[in-house]
Structure formats: structure tokens, C-alpha cells
Enquirer: 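I am attaching a structure below and will ask some questions about it afterwards.
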Amino acid sequence: MKGFLRIQDDAVVEVCEGSPPAESTNALVLPSFINAHTHIGDSLAYPAPKGSVEEVVAPSSGYKHRILRSASRSAKIDAMREAMILMSASGTSHFVDYREEGLEGVRALSEAMVDVSPRAMVLGRPLSAEATEDELDAILGSCDGIGMSAVRDWPFDLLKRVSGKAKAAGKVFSVHASEAVNEDIDQVLDLKPDFLVHMVKATDGDLERCADAEIPVVVCPRSNEFFGLEPVITRLVHAGIHVALGTDNGMIARPDMIEELKAAFRVSKRRGGITPLEAVNLATFGGRKVLNATAKITSEIGTRSDLSVVAVAGADPLSEMVTSASSKNVQAIIRGGKVWRPESWKA
Ligand SMILES: [Zn+2]
């Protein structure tokens, strides 16, 4: 849609439809990006060595967990802060982080936050399968819910217990599912997840069940590519599932949503493809659906909205977004109607 924003003193004063005045700058104005799946805690381990999901990320002996155990607290906090500033500067207003390292991990993320950090939905998890009730209560009391690694990483009774406690507390429960191998959809749905991550190895029947249960799925194409996996974006979209995009592990890919939506568009081509608009929607409205699990934000656009302003050169800005755009083209980030310039944000 053609329109323009009137900006005065770094605040949006009017959202207008129609042809802009001649003095306007040419840009694509999008709802801000929602990064629906991150692990920014392992940003300090970038770049991760090549390996299988098991070797690189599985608890507790994978590369990621070895690095997290050996790194200092301050190094982890610095890396998280840097990741959040990068997210903001590249147009992301909200992210959903799967925090490792139990209660301490949740606390470290809070400490890493600065004024310009995007708003976070923080999903903690217990340190081990032997978690006590007190430990689980403390984690749930200090964040937005629970985000577990693969279903197969944990005893099912622990997952049931954690999910039940999260729901009883009115918080989010989410889990990675069918990333490297197919996991039992009955078990997955029995956990009443608010949303799932990956579903790369899901069968058509599994996807149908998710669509029926209206459970959004977050896909992470660059992370999948790293592990030699193929995200099933077109199958998810065609199954009628709400799909969102996430950048996954900070040690695998920088949390830059423009790079992620370009990857979503590129990898989908092998399976019939998605349109540039669909790719942009995954990064914007798709994530809003995930956040609406806790009714935190809406997708209406007005003078108080969260928006990203991306410079474009040609007549087909959406095609530019999925091919040649980069975070360097982000001219402004608008948060609650206030305009920020990314060049003023330094790590
Ligand atoms: Zn993940």
C-alpha cells in the first residue's frame, strides 16, 4: 500500500494513505520485525563448528553447552547485549529467547538488557531433569514461561510437569519439535505448547494436527541450513499453520531478521516457493501471532506503532527485501511512535 508517515521531532505524528509529498524519502515501512526464536546466550560461541544437531547443540555435552559452562558470566552478558543491539539496529522490536542455564540464565539476560534492547519474551528452562519444585517456581516467577530443547532430550514426565506448572501460572510453554528426527506428535501436543519450533521432520499428518490445534510454528531456515536440514515453510503455509521466523542460535547465525527472511524466501523456492510478501509477513505478522500467546502486542499500525523503515531503490520494494536488502538499509526504527536512528546505537 502506498502511503507516508509524517515525522516531527523524532515522533510519528500522522500515518497517511496515498501519494506522499514530493520532499519525502523513498522507503518501505514495515511492522517491526519479531524474532520469534533466539538463543542469544550462545552468541559468544560464534562461529560454531560444523556438526550434527547432537554434536553442536544437544544438552549437556554438545559444543554449545561446553562453551557456556566454560565462559565467564560477564563475557556471556556482553555477547547477549551486543546481540540485542544488533537486533534493534536491524529493525527487530521483540524477540523470544530460549534461555539456558536455569534461573541464573534468566537473570543474566535481564542484566544484559539496555535501553535500546528489543522487548523480550524470555522462556527459561530447568538445569536438569532432576529439577525441584522450588527451582521451577523460581524460574517461572522470573520470566514469561518455559522453552525446552527437543522433546527427546528430556524425560516425558518432566516435560508434562513443567508444562502443567507453566499453564497453571498463566505462562507460555514451548518446545523444539521434530528438528533432526520425527518426534511423536501425540506426545508433543499432549504438552499443550503455545507454539513449536522447527517441525522440519514433521509428517503431513503432524502438520494437519498442528493446524487443527491452531499451534503456530517458528521456522529458522539459516539454522536448518547449517545442519543440512530443509525447513518445510511451504508445507507449513499450505497446511494453514501460522508460521513465524526466528534466527535460532547466536553462535550459528547473527540475529538479523532481514537475513532470515531472505533465507526463508530462498530455501522455499525448492518446494514451490513463497511470495516476497509472504516472506515479509513471516518476519512481521507471523511473530506477532506467537507473541499474542500472551496478548502483548497487536498488529494495528498507527502513530504509536512499532515499525521498521527500510530504504529501497526500485519500483518493487518487496522483491528488494527478499533479495538485495540488508540491515545496512534500515534507516529508522520506530518504537511506540518514537523514531530511532540505528547509527546512534553502538555496542
Ligand atoms: Zn532453538
Enquirer: Tell me whether Lys76 is salt-bridged to Glu100, with the criterion being a basic N under 4.0 Å from an acidic carboxylate O.
Expert: no
Enquirer: With a 4.5 Å cut-off on side-chain heavy-atom distances among I, L, V, M, F, W and Y, is there a chain of contacts connecting Ile146 to Leu158?
Expert: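 Per the 4.5 Å side-chain linkage, Ile146 and Leu158 are co-clustered.
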Enquirer: Can you check whether Gly314's main-chain N or O pairs, donor with acceptor, with Glu320's side chain at less than 3.5 Å?
Expert: yes
Enquirer: Between Glu133 and Arg161, does any side-chain N to carboxylate O distance fall below 4.0 Å?
Expert: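 Yes, this pair counts.
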Enquirer: With a 4.5 Å cut-off on side-chain heavy atoms, are Val96 and Thr38 touching?
Expert: no
Enquirer: Do Arg125's NZ or CZ and the ring of Tyr98 fall within the cation-pi criteria of under 6.0 Å and 45°?
Expert: no
Enquirer: Do Ser88 and Arg335 have side-chain atoms, one donor and one acceptor, less than 3.5 Å apart?
Expert: yes
Enquirer: What heavy-atom pair brings Thr303 and Val12 nearest, and what distance separates the two atoms?
Expert: CB-O, 3.6 Å
Enquirer: Is it true that the side chains of Arg288 and Ser32 contain a donor and an acceptor less than 3.5 Å apart?
Expert: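 Per modelled atom types, Arg288 and Ser32 side chains form a pair under 3.5 Å.
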Enquirer: Might you point out which heavy atoms bring Gly336 and Asp306 nearest each other, and give the distance in Å?
Expert: N-OD1, 2.8 Å
Enquirer: Using a strict cut-off of less than 4.0 Å between a Lys/Arg side-chain nitrogen and an Asp/Glu carboxylate oxygen, indicate whether Asp204 and Arg235 qualify as a salt bridge.
Expert: yes
Enquirer: Between Glu259 and Lys262, is there a side-chain N and carboxylate O pair less than 4.0 Å apart?
Expert: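 Salt bridge present between Glu259 and Lys262.
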Enquirer: Do Val309 and Val13 sit in the same hydrophobic cluster, where Ile, Leu, Val, Met, Phe, Trp and Tyr count as joined when their side-chain heavy atoms come under 4.5 Å apart?
Expert: no
Enquirer: Do Asn329 and Leu28 have side chains that get closer than 4.5 Å, going by heavy atoms?
Expert: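 Heavy-atom side-chain distance check fails, nothing below 4.5 Å.
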Enquirer: Do the charged groups of Asp194 and Lys171 touch, with an N to O distance under 4.0 Å?
Expert: no
Enquirer: Looking at Arg73 and Glu101, is any side-chain nitrogen of the basic one under 4.0 Å from a carboxylate oxygen of the acidic one?
Expert: no
Enquirer: Taking atom types as modelled and ignoring hydrogens, do the side chains of Thr92 and Asn35 form a donor-acceptor contact shorter than 3.5 angstrom?
Expert: no
